[in-house]
Structure formats: C-alpha cells, structure tokens
Amino acid sequence: MSNKVHLGHTARKRFGQNFLTDSNIINRIVGAISPDNDHIMVEIGPGLAALTEPVAESIDKLTVVELDRDLVERLKQHPFLKDKLEIHQGDALQFDFSQLMQPGKKMKVFGNLPYNISTPLMFHLFEYAEHIASMHFMLQKEVVLRLSASPGSKAYGRLTVMAQYYCQVIPVLEVPPESFTPPPKVDSAVVRLVPYEQPPYPCDDIKQLQHVTSTAFNMRRKTLRNNLKGLFSDEDFSNLNIDASLRPEQVSVAQYVALANLLSSKNN
Ligand code: SAM
C-alpha cells in the first residue's frame, strides 16, 4: 500500500496532510496541551484524529476546524468523537474565532498545522491573543527556531518580533519525519505560545509594528537607517536611543515597539 494512504484515506498534498502516527510523540503533545474543561479547546486540522481522540478523551467538548470535507464526514461518523465535537468545515485562515468565545473562558488552541499556512495562521490567531490561554503547534522546525530566536541570530526576523510581542515562546519537542504518514520532507517541532496578559512592551497600534518590522526586515543586510529611511530621521533614532547602524536582526522587540509607537504619535 502507498505510504500516502492512512486509515483508508489518501493524504492530500494540497492540504498539507502529514498524519501523526507515532504514539509516543502524540502522548507527549497531548501532555503539553493539557486538555481541560475550564478552557474552550480548539483544534485546527484534526485530520484523522490522531490528536483529537486522546485530547477529547479527558474533556466534554472539543471544537475543530477542518478544511477537507471528506475528513469532516469521517469525524461526523466517528464512534465516540461525534458526540463531543463541534465541527466547523472551512479554512482556519478565514475562521472567526470570536464566535467560539464564552464569558470567563479562554481558548486553548492546538494543531499539527499544514506547513504552507502556518505563518499566516499564527498571525490570524495573534488577533485573538487576549482570548487565548495557550497555543501548541506542530511546525517546521525552522519556523520554531524563528519564533524563539534571540536578537543577533540569523533566525531572528519579522515573525520572531511579532510572535514575541504577543507571546512567550517555548519550544516543546522535536519530531522527525518518520513520526508522520506520509513523512514530510523537513524536520518538525512543537512549540508552545503563551499570550501575555499584558504585553511587556505595549504597542499603541499593532499595524504600525507590522509596518515597521516588515519594512525593517525587507533588506536584512542593510542597516536600520537605510531600511527605515522614509519613516525615521537620525534624530528619531537618537531620541529613542537606538543605534541606526544596527542590522534589523540586532534590534530587540522593545526597540521595534518604541519605533512603532513613535510612528503612531507622528501620524496623530
Ligand atoms: N491533526 C492531524 C494529525 O496530526 O495527524 C492532521 C494534521 S495534517 C498536517 C493538517 C490537517 O489540516 C489536515 O487534516 C488538513 O486537511 C487540515 N487543513 C489543511 N488546510 C487547512 C485549513 N486552511 N484550515 C483548516 N484545516 C486545514
């Protein structure tokens, strides 16, 4: 049988379907998620239920968002899951997570994500950060390195700054290709993202932080002065005590927020 067929389902490449089959890894991920009834539990891309089943075992209700209609049909027929699942068929990138909110409860979101949508999906979820207690995602290992990078390292970039603005980032475990069917071409890793109750460096307008970071990292080899020429003067940099000759990867989250806040105040 082809290694693309698992539990009678042919994996669809366009949906990033690599199903987890390693029970040891599955147990460790479920332990990290720590499912409970005090949170709104939400899974993105349940697929053939490798994580869905053990997570649902210990709780009363689990909400899932799955794009693949065939997999949604299977979940609807599932012997014990069908009574516990609230199933939303559709694209998680377009999904309005605010419809799941309940007073006094935060969400715990998790998923073995299709790698082609993982970065935009995290950006989408950051919009709901204040309503989220934790997120656990299986990602390309390289993306976990970017999320958790420190200033000065090669992996430090726009995704790092935006993720660390909203969340504490904790790498949880590395997962080899053999843990999946079919095996992906890259190494994977699980990350825990814990949104801050109060961001340590509050930003007045998140759009400005997005604007400053995407402009700054446009040319990684250029200095901050060059990349942000149209936005800030030398005087602005010195007022903020930021060395304009730094490369974008040498600038801390706090410094990017300070730049974004200056931009907001200029525009007002
Ligand atoms: N959770 C399962 C596992 O661990 O074995 C499946 C993981 S597989 C890497 C990704 C899952 O996300 C698939 O079930 C796929 O159909 C689903 N998916 C792909 N794109 C999606 C999207 N835009 N929104 C929601 N689900 C999506």
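Counting starts at 1 for both ligands and their atoms, following the listed order.
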Which residues share a side-chain contact (heavy atoms from CB on, under 4.5 Å) with Leu93, sequence neighbours left out: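 side-chain contact (heavy atoms from CB on, under 4.5 Å) list for Leu93, sorted by chain: Asp91, Ile117, Pro120, Leu121.
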Is any side-chain N of the basic residue among Lys84 and Glu53 closer than 4.0 Å to the acidic one's carboxylate O? no
Looking at Gln164 and Leu147, would you say the former's side chain and the latter's main chain have a donor-acceptor pair under 3.5 Å?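 Indeed, once roles are kept as given, a pair shorter than 3.5 Å links the two residues.
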By the ring-ring contact (aromatic ring centres under 6.0 Å, His included) test, which pairs, at least two apart or in different chains, include something from residues 57-98?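 Matches after skipping sequence neighbours: His78-Phe80, His88-Phe95, Phe95-Phe97, Phe97-His124, Phe97-Tyr128.
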NZ of Lys13: more than 12 outside heavy atoms within 6.0 angstrom? no
Please output the side-chain donor-acceptor pairs of residues 32-42 that fall under 3.5 Å, not counting sequence neighbours, one pair per line with the distance.
{"residue": "Asp36", "atom": "OD1", "partner": "Asp38", "partner atom": "N", "Å": "2.8"}
{"residue": "Asp36", "atom": "OD1", "partner": "His39", "partner atom": "N", "Å": "3.0"}
{"residue": "Asp36", "atom": "OD1", "partner": "His39", "partner atom": "ND1", "Å": "2.9"}
{"residue": "Asp36", "atom": "OD2", "partner": "His39", "partner atom": "ND1", "Å": "3.1"}
{"residue": "Asp36", "atom": "OD2", "partner": "Lys108", "partner atom": "NZ", "Å": "2.8"}
{"residue": "Asn37", "atom": "OD1", "partner": "Asp60", "partner atom": "N", "Å": "2.9"}
{"residue": "Asn37", "atom": "ND2", "partner": "Asp60", "partner atom": "OD2", "Å": "3.2"}

Check ligand 1 for N or O atoms under 3.5 Å from a protein N or O and list each pair with its distance.
{"residue": "ligand 1", "atom": "1 (N)", "partner": "Gly45", "partner atom": "O", "Å": "2.8"}
{"residue": "ligand 1", "atom": "1 (N)", "partner": "Pro46", "partner atom": "O", "Å": "3.3"}
{"residue": "ligand 1", "atom": "4 (O)", "partner": "Asn112", "partner atom": "ND2", "Å": "2.8"}
{"residue": "ligand 1", "atom": "5 (O)", "partner": "Leu20", "partner atom": "N", "Å": "2.8"}
{"residue": "ligand 1", "atom": "14 (O)", "partner": "Gly47", "partner atom": "N", "Å": "3.3"}
{"residue": "ligand 1", "atom": "14 (O)", "partner": "Glu66", "partner atom": "OE1", "Å": "2.8"}
{"residue": "ligand 1", "atom": "14 (O)", "partner": "Glu66", "partner atom": "OE2", "Å": "3.4"}
{"residue": "ligand 1", "atom": "16 (O)", "partner": "Gln17", "partner atom": "NE2", "Å": "2.9"}
{"residue": "ligand 1", "atom": "16 (O)", "partner": "Glu66", "partner atom": "OE2", "Å": "2.5"}
{"residue": "ligand 1", "atom": "23 (N)", "partner": "Asp91", "partner atom": "OD1", "Å": "2.8"}
{"residue": "ligand 1", "atom": "24 (N)", "partner": "Ala92", "partner atom": "N", "Å": "2.9"}
{"residue": "ligand 1", "atom": "26 (N)", "partner": "Leu67", "partner atom": "N", "Å": "3.4"}

